[in-house]
Protein chains: 2
Amino acid sequence: MDEKRTGGKTLAGDAYAAIRQKIRSGEFRPGERLRFADLQALCGMSVTPVREALARLTAEGFTTVDDHRGYSVASLSLEELRDVTAARQLCEGEALRLSVSRGDAAWEGRVLATHHMLALIPQGRDDLPSVMREDWEERHAAFHAALISACGSPVLLEICEKLFSRADRYRRLSVSLDGAARDVAGEHRMLMERALARDAEGAAAALREHYGRTAAALEAFFAA
Amino acid sequence: MDEKRTGGKTLAGDAYAAIRQKIRSGEFRPGERLRFADLQALCGMSVTPVREALARLTAEGFTTVDDHRGYSVASLSLEELRDVTAARQLCEGEALRLSVSRGDAAWEGRVLATHHMLALIPQGRDDLPSVMREDWEERHAAFHAALISACGSPVLLEICEKLFSRADRYRRLSVSLDGAARDVAGEHRMLMERALARDAEGAAAALREHYGRTAAALEAFFAA
DNA sequence: GAGTCAACGATTTTCGAAAATCCATCCGAT
DNA sequence: ATCGGATGGATTTTCGAAAATCGTTGACTC
């Protein structure tokens, strides 16, 4: 949400980035309790910056807090997955609609460029090195951010970014899930084409379906 | 957003509540810098809990942070007012639609009860004691929360609550604004009637218009 | 006179230890 | 045997001071 704060400017920022990364990658598992002693050892710093990092993470939904009982990794559930998906379809759908109708040439360039970067990496293959998977996640996020970047509403963008992070945890939980049954790259291409063709409604519909499919695939994983 | 945390369980919670109240009431003005020394003196505690309180407030948009330069009260602008209003119309509109179609008898009761409490206090009169105004604000928030309380989406509710707080600052900035030209109580009554009549679209439309009028009134104030 | 750079003061940020709190366990009484 | 209440250990929360950082002031050079 705030690039200035995830950088190496303060120790609290470092702790925030480190813990967040371990939660998103699954190294810290949902529901797991996070003790200060462990986190201090991990980050190599005192309790104060760790505490601030956890406060931020809690505000963003990555962790939960119980007064005088400490912090835990927020747990995942099928209900929350459905809930987050619906909220994304609403908010990001509207943001995309606005962006498509308002975007200028620079926005078109961003959409093209980020999609190009994304399309260079195949997805859904289990044998990829984890560095490459990490890279794909980053480019995927960049593409979706570019799509809505011209919506003109910082508030909406902030909401979308938070929801994206939240959904991210579910996707990463199941690494290579439905590579065969689904053409994710094709969905992304269609998204880009409709956006650049200035078909706001069509693009929004494609986005909603894109998220619907993702959620459906994850539901199957969850049931197992 | 989190009742457990605003209570008196920890000093950080107290500081959060105290500072937030001073920001919302306008005693801490938009853009004003918040020094730790002052806040410590105000809250009667050390720097640690104050720091945690500011971290939470920043995550909710009440304050901003500049690394190594401290915290300030988030400033208000016409642009942000419009932005927040649009986001509220989108998110709270959808939440209301869902709530109206899903709400059970208990929800109807909550809507009726909170509207009754709200209707007992006149609004827009400058000569009311500030205690009563504060009371109106509280009941107003309770009514709007009740309306969407049956939407079934915790994520959406959290978003709405955050946006409500953010819009709240604008409303409180201008105390008695348009008492003559506008029938706020009537708008609230219509909102309640349509909701209880299970007219989801009508209620959502009324809500959007309600927020549109509020924003318009505030725009006039801002221009002056 | 304009510009550069070092030292200062004000403030934030971090540390390490002390205080407070919670949970589990154990003891004794009914 | 079960319940109520005190005790201890583990952990969070808070404190007060030290360290780090930023903007500024002032001297010094060109």
Side-chain angles (χ1 to χ4, degrees), chain A residues 1-20 22-23 28-75, chain B residues 1-20 22-23 28-75:
Chain A
M1 168 174 32
D2 217 348
E3 293 309 319
K4 296 186 299 294
R5 299 183 62 177
T6 62
K9 294 283 282 183
T10 68
L11 290 186
D14 295 346
Y16 169 85
I19 299 171
R20 176 187 157 127
K22 284 218 184 301
I23 291 176
F28 287 161
R29 277 182 232 150
E32 180 177 345
R33 180 129 177 241
L34 297 173
R35 293 187 210 19
F36 281 99
D38 300 341
L39 296 178
Q40 286 179 59
L42 171 71
C43 300
M45 59 185 70
S46 181
V47 64
T48 311
V50 171
R51 172 165 277 274
E52 184 161 333
L54 287 172
R56 289 188 208 166
L57 288 166
T58 299
E60 294 184 17
F62 286 101
T63 51
T64 61
V65 64
D66 221 340
D67 279 339
H68 291 285
R69 297 207 33 188
Y71 292 84
S72 304
V73 179
S75 50
Chain B
M1 169 173 33
D2 217 351
E3 293 308 319
K4 295 187 299 294
R5 298 183 62 178
T6 60
K9 294 282 283 182
T10 66
L11 289 185
D14 296 345
Y16 169 86
I19 299 172
R20 176 186 156 126
K22 283 218 182 302
I23 291 176
F28 287 160
R29 275 182 232 152
E32 180 177 347
R33 181 136 176 232
L34 298 173
R35 293 188 235 316
F36 280 99
D38 300 339
L39 296 178
Q40 286 179 58
L42 171 70
C43 300
M45 60 186 71
S46 182
V47 64
T48 311
V50 171
R51 172 165 277 274
E52 184 160 334
L54 287 172
R56 288 187 208 165
L57 288 166
T58 299
E60 293 182 19
F62 285 102
T63 51
T64 61
V65 62
D66 222 340
D67 280 338
H68 292 286
R69 296 208 35 194
Y71 293 83
S72 304
V73 179
S75 49

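The chains referred to below are lettered A, B, ... by the order of the sequence lines, with proteins before strands, and numbering in each begins at 1.
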- Closer to the 5' end of DNA chain D via nearest nucleotide, is it B/His68 or A/Arg69?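 That would be A/Arg69.
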
Of the candidate nucleotides [options], which contains the atom at the shortest distance from the side chain of [X]?
X       : options                : answer
A/Thr48 : C/dC15, C/dT11, C/dT13 : C/dC15
A/Tyr71 : D/dT12, D/dT13, D/dC15 : D/dT13
B/Lys9  : C/dT11, C/dC22, C/dC15 : C/dC22
B/Arg33 : C/dC15, D/dT14, C/dT11 : C/dT11
A/Val47 : C/dT13, D/dT13, C/dC15 : D/dT13
B/Arg35 : C/dT14, C/dT11, D/dT14 : C/dT11

For [X] and [N], give me the distance from atom [atom1] to atom [atom2], rounded to whole Å.
X       : N      : atom1 : atom2 : result
B/Leu39 : C/dT11 : CG    : P     : 12 Å
B/Leu11 : D/dG16 : CG    : C1'   : 15 Å
A/Tyr16 : C/dT13 : OH    : P     : 17 Å
A/Asp66 : D/dT11 : CG    : C1'   : 13 Å
B/Asp38 : C/dA10 : CG    : C1'   : 12 Å
B/Gln40 : C/dT13 : CD    : C1'   : 12 Å
A/Asp67 : D/dT13 : CG    : C1'   : 10 Å

**Asked** Is there side-chain contact between B/Val47 and B/Gln40, with at least one heavy-atom pair below 4.5 Å?
**Response** yes

| said: Show the nearest heavy-atom pair for residues A/Arg56 and A/Gly13, with the distance to one decimal. | reply: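 Where A/Arg56 meets A/Gly13 most closely, the heavy atoms are NH1-CA, 4.0 Å.
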
Specify the closest pair of heavy atoms between A/Ala59 and B/Ala59, including all atoms of both residues, with the distance to one decimal.
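Taking A/Ala59 first and B/Ala59 second, the nearest heavy atoms are CB-CB, 3.2 Å.
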
Next on the checklist: Need one value for A/Leu54: base, sugar-phosphate or nothing, where a base atom within 4.0 Å counts as base even if backbone is also close, heavy atoms only.
Outcome noted: nothing

From the list A/Leu11, A/Asp38, A/Leu39, side chain to side chain contact (heavy atoms under 4.5 Å, CB included) with A/Val50 holds only for A/Leu39

